[in-house]
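What follows is a set of notes on a single structure, which appears directly below.
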Amino acid sequence: MLIISKSLCNGCGSCADVCPFGAVSIENGFPLVNDGCKLCGICVKSCPCQAMDMAEKPVKAGDLKDYRGILVFLEQEGGVLHPVSLEMTGKARELLKTCGGGLYGFMAGDGVGPLADELLRYGFDSIELYEDESMRHFTAGAYTDAFTDCVSRLTPAIVLVGATPPGRCLAPAAATRLRTGVTADCTSLAVDSKGGLVQTRPAFGGNIMAQIITPNTRPQFATVRYKVMDSALPETPHGVVRRHAPPSARRGAGLIVEDVRRPEKSESICDAKVIVAAGRGFSEKKDVDMVKRLAGLLGGTYAVSRPLVEAGWVEQHRQIGLSGRNVKPDFILTLGISGAVQFSSAITGAGKIVAIDKNPEADIFKVAHTGIVGDIYEIVPKLIARLEGGEPAHEAVKLA
Amino acid sequence: MRILVLIKQVPGSRQVDMDPETGVLKRSAHDNKMNPYDLIALEMGLRLKERAGGVLAVLTMGPAQAEEILREAFAMGADEGFLLTDRRLAGSDVLATSFALSQAIATMEPFDLVLCGKQTTDGDTAQVPPAISQWMGLPVASWVRTIEPADGNTLRMTQDLGSVIYTVRLPLPCVISVDSDALQPRLPSYKLHKQTRGRAVRVITADDFPDNDASKYGLEGSPTKVERIFPPPRNEQSEMWNDPAELASEKLYSMLTDLKIV
């Protein structure tokens, strides 16, 4: 609840000016806050009279010190580990250098013992393996039961889960059951010496980043997308695999997996080293052909931002962004993409980002290494012609 | 079949921007709209209702103006609308939001199926459906592409989990989060819009919750807290080209050869 002190307020209206949601107006020289208030706290910080307060009741922190170490969800399907799990492991090892504690892994499945044994080389003190026929395939019920059982036994301060389809279901289910906090799709993670996790991600549906903490509950759950963190490197194994049967409380009862199909492994944009990405700057579906051609000439793959998927021009698996995928290519060329944070946060790991857009103020130019202000309908055909062996359109300029 | 679809009103376009020099947040003009992924869930629900018979209700949590999307849902064919609106719910993270929604649902006649869109365009987390399932003690399936009624009071569905596609059967009641680009949501019908104009929407507040422990919702009920906000990081080493197309394309060609991409 936002509390405003009548005696301290001078009616200057700074709060109304800074509110990003238009939730504050000044009536009779005093702020009036409407339903749009999201309690983001910006007005509190901007008030020159310090007349505003969020009035949070102090919450007893509880036995936070009983929670130590980091638990990583090791996601496997058909005995194959999802590479994001090694990225979570790498990040966990880095964080533990500051906050201390054990490195634990959780794996569920059926007949995946050999995989667990192999993974000890990534530095785990233990890998908790839950095996049962009911866990051969990911189902929210059985996996949440096992995961929360594991967390309750190990009491880690932090739990890291890769933001894959199963992970994005498992993390909030487990965090809710444990009545603790979870932050999805973190773009960066840091930790203080007491094990407090600092979670950064885009927020409030706008072009803003938020730094989030989970001060009073444990563990602190976070999910991170594939291709954001660096993978762990192997070393001499020192830990053990501990085997468990699924816990008896089976809330997943009744769910039956009838069929499992592995779709043809099509090239995933996540693994491409060179990407050409198209955005709303293109006005017709057939123009996407130009993008495909250019991608082919560069030996790469093509991708799109959300509007082209929503328009039905391209399939969703080619989408880069918060509702699509993260990519970390060596080189990405964006064409006609304005670069809102929902898109650009998904490419910031790329080696080199080159952007073409006709609006010099476009946000994409804040993240691009090279920004080209121009018309994609002029530049792209000329580039394609040049790549297909045409004559230089202009005296070649040697770049340093 | 009693179906409930959870829907959310989201900004139509990027709503907030931060000036990196002054730290001041700037508002840009926006229209609110129904979260596009919720339209798909609604369409899925309406088709199920048409097939299996029954009632389809919609619930939204938001400020009073969120009633607009309940009316839009009526014009698509929803039968009942519920607006969960309460200033005390402001500042809720996923734990507090899912608690509030599950409490609101507890005030209604029980549902066989709770349907949600895959994520919102202003939060993008996809966390609420699994979280709600835990408060309600129901099975949950996310990333569901198709749903059809099956024997023994179950639903058969296909789930796309990325590297694998499952066909599963889930007993009712359950929570499902829908991810189906192929499904084209129907447009609101003017006829239904006129017919439902006078239909009342039930307003729910925190006072109606069976468990109205204030420490479980709003800011107090949110274990995660925003410590600070800032504009997205700028790339410090950027350069800009403002060249005519011929020169730009030639420079780009040079860059690609230098990088050994071509």
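Basis for what follows: all heavy atoms, side chains included, without hydrogens, waters or symmetry-related copies. All chains are named by letter (A, B, ...) in the order of the sequence lines, taking the proteins before the strands, and each is independently numbered beginning at 1.
- Of the residues considered (A:Cys169, A:Gly374, A:Gly181), A:Cys169 shows the highest number of contacts with chain B, using heavy-atom pairs under 4.5 Å.
- Contacts between B:Asp243 and chain A at a heavy-atom distance below 4.5 Å involve the backbone alone (N, CA, C, O).
- Considering only heavy-atom pairs separated by less than 4.5 Å from chain A, the leading option among B:Ser92, B:Ala96, B:Ala131 is B:Ala131.
- The neighbour count for B:Asp207 CG, taken as heavy atoms of other residues, nucleotides or ligands under 6.0 Å away, is above 12.
- Contacts of B:Thr125 with chain A are made by both backbone and side-chain atoms, with heavy-atom separations under 4.5 Å.
- Neither the backbone nor the side chain of A:Leu170 comes within less than 4.5 Å of any heavy atom in chain B.
- If you measure heavy-atom distances from B:Lys216 to chain A, you find no contacts under 4.5 Å at all.
- Using a 4.5 Å cut-off between heavy atoms, B:Leu161 contacts chain A through both its backbone and its side chain.
- Within 6.0 Å of the NZ atom in A:Lys358, the count of heavy atoms belonging to other residues, nucleotides or ligands does not exceed 12.
- A donor atom on one side chain and an acceptor atom on the other are not found under 3.5 Å apart for A:Glu258 and B:Thr167.
- For the options B:Ser98, B:Ala245, B:Gly162, B:Ser177, heavy-atom pairs under 4.5 Å to chain A are most numerous at B:Ala245.
- Only the side chain of A:Thr144 comes within less than 4.5 Å of a heavy atom of chain B; its backbone N, CA, C and O stay farther away.
- Two residues are said to be in side-chain contact when any heavy atoms from C-beta on lie closer than 4.5 Å; A:Lys382 and B:Tyr253 fail this criterion.
- Contacts between A:Arg179 and chain B at a heavy-atom distance below 4.5 Å involve backbone atoms as well as side-chain atoms.
- Proximity to chain B is limited to the backbone of A:Pro360, based on heavy atoms less than 4.5 angstrom apart.
- The residue among B:Thr158, B:Val140, B:Val10, B:Leu256 with the most heavy atom pairs within less than 4.5 Å of chain A is B:Leu256.
- For A:Asn34, the part lying near chain B is the backbone, with the side chain staying farther off; criterion is any non-hydrogen pair under 4.5 Å.
- With values rounded to the nearest 0.5 angstrom, A:Phe138 atom CZ is found 7.5 Å from B:Ser142 atom OG.
- The structure places CZ of A:Arg386 at 7.5 Å from OG of B:Ser254, a figure rounded to the nearest 0.5 Å.
- Proximity to chain B involves both the backbone and the side chain of A:Gln316, based on heavy atoms less than 4.5 angstrom apart.
- The two residues B:Asp124 and A:Ser323 come nearest to each other via the heavy atoms OD1-CB, 3.9 Å.
- Scanning both residues, B:Gln134 and A:Ala173, for their nearest heavy atoms gives CG-O, 3.3 Å.
- Here the CG-CE distance, from A:Leu333 to B:Met255, works out to 9.0 Å after rounding to the nearest 0.5 Å.
- A pairwise comparison of heavy atoms in A:Met209 and B:Pro232 identifies CG-CA, 3.5 Å as the closest pair.
- Of the two parts of B:Pro36, only the side chain, counted from C-beta on, holds a non-hydrogen atom closer than 4.5 Å to a non-hydrogen atom of chain A.
- Between B:Leu95 and A:Ala175, the closest heavy-atom pair is CD1-O, 4.5 Å.
- Heavy atoms of A:Thr200 lying under 4.5 Å from chain B belong exclusively to its side chain.
- The shortest side-chain heavy-atom distance between B:Ser238 and A:His369 does not fall under the 4.5 Å cut-off.
- Side-chain contact between A:Gln211 and B:Ile229: absent, with no pair of heavy atoms (C-beta onward) separated by less than 4.5 Å.
- The most heavy-atom pairs under 4.5 Å with chain B, out of A:Thr164, A:Thr370, A:Ile384, come from A:Thr370.
- For the atom pair A:Asp259 CG and B:Arg156 CZ, the distance stands at 10.5 Å (nearest 0.5 Å).
- Pairing each heavy atom of B:Ala90 with each of A:Cys37, the nearest pair is CB-O, 3.5 Å.
- Using a 4.5 Å cut-off between heavy atoms, B:Asp86 makes no contact with chain A at all.
- Options A:His82, A:Lys45, A:Arg201 differ in how many heavy-atom pairs under 4.5 Å they form with chain B, and the most are formed by A:Arg201.
- Between A:Arg168 and B:Gln127, every side-chain heavy-atom pair lies at or beyond the 4.5 Å cut-off.
- Heavy-atom distances place the side chain of B:Leu259, and not its backbone, under 4.5 Å from chain A.
- Proximity to chain B involves both the backbone and the side chain of A:Val33, based on heavy atoms less than 4.5 angstrom apart.
- Residue A:Glu315 does not touch chain B at all, counting heavy-atom pairs closer than 4.5 Å.
- Only the side chain of B:Val262 comes within less than 4.5 Å of a heavy atom in chain A; its backbone stays farther off.
- Proximity to chain B is absent for every atom of A:Asp375, based on heavy atoms less than 4.5 angstrom apart.
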Run the side chain to side chain contact (heavy atoms under 4.5 Å, CB included) test on B:Glu227 and A:Ile212 for me, step by step, so that the C-alpha distance in whole Å, both residues' side-chain angles and the decisive distance to 0.1 Å come before the verdict.
CA-CA 5 Å; B:Glu227 208 177 26; A:Ile212 295 163; over 6 Å; no
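- A:Glu378 places none of its side-chain heavy atoms less than 4.5 Å from the side chain of B:Glu246.
- A heavy-atom distance below 4.5 Å is not found between the side chains of B:Thr224 and A:Val182.
- Heavy-atom distances place the side chain of B:Val94, and not its backbone, under 4.5 Å from chain A.
- With a 4.5 angstrom heavy-atom cutoff, B:Asp181 touches chain A only via side-chain atoms.
- With hydrogens and angles ignored, the 3.5 Å screen pairs no side-chain donor or acceptor of B:Tyr166 with any backbone N or O of A:Thr139.
- The two atoms that bring A:Ile372 and B:Ala248 nearest to each other are CG2-CB, 4.0 Å, heavy atoms only.
- Counting heavy-atom pairs closer than 4.5 Å to chain B, the top-ranked of the candidates A:Thr214, A:Thr187, A:Ile213, A:Leu297 is A:Ile213.
- Counting only heavy atoms from C-beta outward, the side chains of B:Arg169 and A:Val257 never approach each other to under 4.5 Å.
- Of the two parts of B:Glu239, the backbone and the side chain both hold a non-hydrogen atom closer than 4.5 Å to a non-hydrogen atom of chain A.
- Residue A:Val309 does not touch chain B at all, counting heavy-atom pairs closer than 4.5 Å.
- Interface residue A:Ala210: backbone and side-chain heavy atoms are both found under 4.5 Å from chain B.
- Residues satisfying the side chain to side chain contact (heavy atoms under 4.5 Å, CB included) criterion with A:Val274, sequence neighbours excluded, are A:Leu298, A:Phe331, B:Ile261.
- Of the atoms belonging to B:Tyr37, it is side-chain heavy atoms, and not backbone ones, that fall under 4.5 Å from chain A.
- Neither the backbone nor the side chain of A:Lys273 has a heavy atom closer than 4.5 Å to any heavy atom of chain B.
- Between B:Leu219 atom CG and A:Leu39 atom CG the span is 5.5 Å, to the nearest 0.5 Å.
- In this structure, B:Val168 and A:Ile256 have side chains that are not in contact, with every pair of non-hydrogen atoms separated by 4.5 Å or more.
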